[in-house]
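First the proteins, then the strands, lettered A, B, ... as listed; each starts at 1. Because only heavy atoms are used, hydrogens play no part in the values below, and waters and symmetry mates are left out as well, while side chains stay in.
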Protein chains: 2
Amino acid sequence: MASIKDVAKMAGVSISTVSRVINGTANVREDLSARVIEAIKTLGYHSNPLARGLKGLPTKTIGLIIPDIENPFFPAMVRGVQDVAKANGYAIFLCNTDEDAKLEEIQYSLLLEKKVDGILLVTSTSNTPFLQKKLTIPVVLLDRYVKGANLSDLSYVVVDHTFGMNLILNHLRDVGRQKTVFLGSKPITSGARERFQTFLAYHKGDPKIRSRVFFGKYTEESGFEMAEKLLKSGIDFDSVVCGNDLIAFGAIEVLEKNGINVPNDVSIVGYDDISFSLYHSPKLTTIHQPVYEIGEIASHLIIDAIEKGYSEPKHIKLEPRLVIRETSVPRSVKNANT
Amino acid sequence: MASIKDVAKMAGVSISTVSRVINGTANVREDLSARVIEAIKTLGYHSNPLARGLKGLPTKTIGLIIPDIENPFFPAMVRGVQDVAKANGYAIFLCNTDEDAKLEEIQYSLLLEKKVDGILLVTSTSNTPFLQKKLTIPVVLLDRYVKGANLSDLSYVVVDHTFGMNLILNHLRDVGRQKTVFLGSKPITSGARERFQTFLAYHKGDPKIRSRVFFGKYTEESGFEMAEKLLKSGIDFDSVVCGNDLIAFGAIEVLEKNGINVPNDVSIVGYDDISFSLYHSPKLTTIHQPVYEIGEIASHLIIDAIEKGYSEPKHIKLEPRLVIRETSVPRSVKNANT
DNA sequence: AATTTTGTTGAAAACGTTTTCTGGAGGTTT
DNA sequence: AAACCTCCAGAAAACGTTTTCAACAAAATT
């Protein structure tokens, strides 16, 4: 690999001059500058960003930690992040944690070791000990926030899930579905917690509401398993609220296999509005999260923080919206006795 | 940040000794070694991999370039890559190219600049000029290979698409579907080319076969558009072969919207077997690609090449299999006249 | 014409590591 | 007891940059 030294030799100048030409940090005589540029071209020289990073200068790299690359919700977010990052000359270091808190911490310190300029984090935990220390680089939380000692100075971009869950519950009431069960994830992350607590609050008159709640993971398989448990339990229900769309897919699969018609016998609402919800048949009623926007905004936030040094922490809460498709319909007279 | 110098000072030894303790490159007296370890702990020292990378040593980083993170096929592959990489202490640098050849080259040289130890590439091109030069680090191609001057010494892991496409065409013949149309991507990449040519070869008696071929992108939207064009063309068909599952999703959407029943009126076969094909309704008949395995093998290959220096290029071709689900059925008498 | 200012250049230090080289202490061989 | 090894610690060079500093020529001021 050609180094700056080779360029200097070929152009007949010092390495300082080459550096100045490359970075435009000072004036260089016209003809020297031309010779340097010429030499760079013929040698195919690329500056070594490691040496640059060694001086404590930006590496133009952002780390992005997500819980599950196989849940389409996150790739959509990655796209938002990456588009903005690319436009600003940053590369993305993507890491997958499988919703594992321990792995999350490992990835985090790995990114720190790699001297990324900032970290975008979709956490899978409720308290993140590794964020409690004084941060050395900007960190922005996406989709899920955490409470803690020094965490008020962390920026985050989240969605108002209390609002979202109320949209669902009001919609189900509107279509005459009141015997609702909840298939979600344990309320560990802020998002899951908000949704669960809103569900509970809505049913606070019902002492047995807890028996209508099932916990699992954010996958189709888990939705499948939870729905099977639900059926075995013998609980009477006419509607299902799911923690995300994948769970809804799994649940619908089980219900239909057991001769229960969706949406007539049981209406189902998902959460996220991943693209496949539209192509799923029946098309899924769900909560649309502005996922691409989350990525975009967070990306802007962290680049700002990186380039302007310290910046006021911003707490952004976006509004989701209900997308009514085919899996939620009024109880028709024809099906009332099913 | 604490540096090796701080550790040395605290332990009362030279930085050489500290380095030796950390890397185990030479024997160090018991008590000194203990003091060093103690100092490392109390200072919370982490070695700076940039400085290490500067010396031309491995950075324990692998770059992975994929065309479309939003196509679930690739996240599944990423998982395979990442699991093996993690087990070997490597971090993954994931880049998205949107099937854009120019962007692919940019990401490639970006990764090179970042001094990754190796690059895993799912190319979107048929000839990759940037791979023609002498490579400085190992490169392994995934899913798609390229031909070229110096490319025979590149390892790749691909799937036998000639075999796969024949599985589809034989299956369609078995269920009595012979008026088949092709909805795929332009035969730029090796995979698309193999499938298209196999389709053509199968129909080589038919002079008008080219009119039964439609080209677009590997997305639902594109499948949607191609299917609409197909309907507008007035072509008589009883089955559709799709370039991937996403195209199939889009096509099914259009057909059903136009009152054409899938699979009775028209049978459809996808390609890839992404997880949602199982949850799609009707469940998609498709070609299962061992996608996780592709990632795993490629990951092993590149780590081998990195750690053992130069290694014989390996050309691995995996076999796909047909998964018959609900979108392909025999022409029933009841529906024969539709 | 002598002095100051301006503008550019190159030498050298610094960033945090690894590694080669040197030297000294202790043990082993004659 | 003298000469030689062996083992291990520390000094210093090297990796490829950026940046501070000193130096110098030319231009501008007196």
Practice item. Tell me, please, which residues at least two apart from B:Ser124 pass side chain to side chain contact (heavy atoms under 4.5 Å, CB included). Key: B:Pro67, B:Thr97, B:Glu99, B:Glu104, B:Arg144
Point to revise | Pairs involving residues 293-303 of chain A, ordered by first then second residue, that meet salt bridge (charged side-chain N to carboxylate O under 4.0 Å, His left out) (sequence neighbours left out) | key: none
Review point. Using a cut-off of 4.0 Å between protein heavy atoms and nucleotide atoms, how would you tag nucleotides 11-24 of chain D 5' to 3' with B, S and -?
Key: BB-BBBBBBB----
Revision key, fill the gap. Residues at least two apart in sequence or cross-chain that pass side chain to side chain contact (heavy atoms under 4.5 Å, CB included) with A:Lys5, listed by chain then number, are A:Ser3, A:Ile15
Study note, to complete from the structure: Students should find that the end-to-end axis angle of the helix from C:dA1-D:dT30 to C:dT30-D:dA1, with five pairs defining each axis and rounding to 10 degrees, is 60°
Review point. Where along residues 26-35 of chain B does a heavy atom come under 4.0 Å from DNA chain D, residue by residue in number order?
Key: B:Asn27, B:Val28, B:Arg29, B:Leu32
Exercise for review: Would you list the pairs meeting side chain to side chain donor-acceptor pair (under 3.5 Å) in which at least one residue belongs to residues 63-74 of chain B, sequence neighbours left out?
Suggested key: A:Arg79-B:Glu70
Practice item. Any ring pair (Phe, Tyr, Trp, His ring centres under 6.0 Å) involving residues 98-144 of chain A? Give me the pairs, sequence neighbours left out, ordered by first then second residue. Key: A:Tyr108-A:Phe130
**Study point:** Least distance between heavy atoms, B:Ser33 atom then B:Val28 atom
**Key:** N-CG1, 3.9 Å
Practice item. Could you note down all residue pairs passing salt bridge (charged side-chain N to carboxylate O under 4.0 Å, His left out) where residues 306-315 of chain A supplies at least one of them, sequence neighbours left out? Key: A:Lys60-A:Glu307, A:Asp304-A:Lys308
Point to revise | For B:Arg29, all residues meeting side chain to side chain donor-acceptor pair (under 3.5 Å), sequence neighbours excluded | key: B:Asp31
Study note, to complete from the structure: Applying side chain to side chain donor-acceptor pair (under 3.5 Å) to B:Gln82 and not counting sequence neighbours gives none
Practice item. Quick one: which residue pairs count as a ring pair (Phe, Tyr, Trp, His ring centres under 6.0 Å) with a foot in residues 55-105 of chain B, not counting sequence neighbours? Key: A:Phe93-B:Phe93
